[in-house]
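This report refers to the structure that appears directly beneath it.
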Number of protein chains: 2
Amino acid sequence: MARIKIEKNGSRKELIVGKAASLFREKGFKASSMRDLAEAVGVEAASLYNHIKSKTELLHELCFGVANRFMQHMDETESKKITALQKVEDLIRFHIAEMIEHYEEVYVSDREWKYLEDPYLSNFQNQRRMYRKRFAAIVEEGMKQKQIKKMDAPTVVLILLHAIGGIESWHRSTQKINADALTENMVSMLVGGLKP
Amino acid sequence: MARIKIEKNGSRKELIVGKAASLFREKGFKASSMRDLAEAVGVEAASLYNHIKSKTELLHELCFGVANRFMQHMDETESKKITALQKVEDLIRFHIAEMIEHYEEVYVSDREWKYLEDPYLSNFQNQRRMYRKRFAAIVEEGMKQKQIKKMDAPTVVLILLHAIGGIESWHRSTQKINADALTENMVSMLVGGLKP
DNA sequence: GTAATAAACTAACGAACGTTAGCAATTAAT
DNA sequence: ATTAATTGCTAACGTTCGTTAGTTTATTAC
């Protein structure tokens, strides 16, 4: 009856959430069972409930952890004294960095949020909509200042966000180029596509 | 005990596969039950098995239906007598059109293929890899001919394919711009991002 | 050292799932 | 009109699921 090994900084719950991120990313939320998760943690399924309330709570933790980081960064970017185009590049770089460094959480948050339950679901959707609106407003500002060519701003945002999601495939890839090169390639292509 | 209504052209099985596409797109493959599907079709769950072999067979039909269309179009594009950059634009336009016209099937094929079972799973993955390789080869050819700026070709393909996946959000959107405008926006931005 | 707390275990629950068997009703073929 | 083939139905099967109850073991606090 050995206890879960704990890293220096982090509760048992955090360890479980981390393993859940990995599992949900690999198999999807619905296809991941609590017994799967228990095995990954090295414990019986019932034991997990000493640390978490439910399976969906794990999804809350993951989704809102990611959403909060993105929201906070949006605050920072908006208040920077740089051009709108530079702000867009800043956002793109942050998305790429998050996707590279916190791949599993970001991926799960992106693909599995629909399995959240109200009121978390509505809350998450609102945050998401808000984020995109703020992003689109920056893009629009860039168009007004002729730094970005005239296009439908919400569409531009969709393209940018989804394009960055492509890093998923890079992560799985066996022969991957290094992270810096990937970042520069993406920024070059995406920012390049914006210019008039 | 009324029978399933049938459109002029199409078997009962095709009707069921169509409803499955819609259901799987909305809720995901694992979260969609055969009882859900039966209700959408207007029949009891057990009755579905007079027309299909299993739940996964529905996923096979959807995934390979889409994959075959894309493979066939790749054949056609490759043999066209146009520049590499024009071929890339041709592929992009096809992807966009497919995403707009056959949204649900394409979406399901893209996001739910991992629930295929071997040997279908391996087969699908191989087709997918092959397709991307051929796409990347065209991109590389475009770089050699200075029509496309020098970048990591596989990365470019990932970005392009995922960016087009963003049409998903367009489909859900309430205030959507029209399909033609969307297409031109996307092509402009994506092809624009490729040029030196 | 003893008591209190935290965290593991075994066993089992009710619900939902994909699927099968057997039968009834409808449609198509002769 | 009779037969054969389709296509629906009800009932139930064996699994797997998330979760709870109750208990035992390990750690922490005094």
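The sequence lines fix the lettering, A, B, ..., with proteins before strands; numbering per chain opens at 1.
Phosphate contact (OP1/OP2 of C:dA6, side-chain N/O of A:H51, threshold under 4.0 Å): absent. In this structure, A:S47 reaches the C:dC9 phosphate: one of its side-chain N or O atoms is under 4.0 Å from OP1 or OP2.
Side-chain atoms of A:T83 and A:Q86 form a donor-acceptor pair, as typed in the model, at a separation below 3.5 Å.
Closest contact between the side chain of A:R35 and the listed nucleotides D:dA12, C:dA7, D:dT19 involves D:dT19.
We find that CE of B:M34 is positioned 17 Å from C1' of D:dA12, with the value rounded to whole Å. When the C1' atom of C:dA16 is taken as reference, atom CG of B:L37 falls 16 Å away, rounded to whole Å. Between A:E44 atom CD and D:dT24 atom C1' the separation is 14 Å, expressed in whole Å. If you take NZ of B:K55 and C1' of D:dT16, they are 13 Å apart, rounded to a whole angstrom. Put simply, NZ on A:K30 is 13 Å from C1' on C:dA15, counting in whole angstrom units. Atom CG in A:L48 sits roughly 15 Å away from atom C1' in C:dA6 (whole-Å rounding). Atom NZ in A:K13 sits about 18 Å away from atom C1' in C:dA8, given to the nearest Å. We find that CD1 of B:I52 is positioned 15 Å from C1' of D:dG8, with the value rounded to whole Å.
Aromatic ring centres of A:H60 and A:F124: separated by at least 6.0 Å. Residues B:F70 and B:F94 place their aromatic rings such that the two centres sit under 6.0 Å apart.
Taking the nucleotide of DNA chain D with the nearest heavy atom to each of B:A46 and A:Y49, the more 5' of the two is matched to B:A46. Of the residues near DNA chain D, B:A45 and A:S54, the one whose nearest nucleotide (by heavy atom distance) lies more toward the 5' end is B:A45.
Side-chain contact between B:Y120 and B:T56: absent, with no pair of heavy atoms (C-beta onward) separated by less than 4.5 Å.
Judged by a 6.0 Å distance limit and a 45° cone about the ring axis, B:K55 is positioned over the six-membered ring of B:F29.
Residue A:T56 is out of contact with every strand shown, counting any heavy-atom pair closer than 4.0 Å. Nucleic acid contact class of A:S33 (heavy atoms, under 4.0 Å, all strands): sugar-phosphate only.
No hydrogens or angles were tested; on distance alone, nothing pairs the side chain of A:N50 with the base of C:dA6 as donor and acceptor under 3.5 Å.
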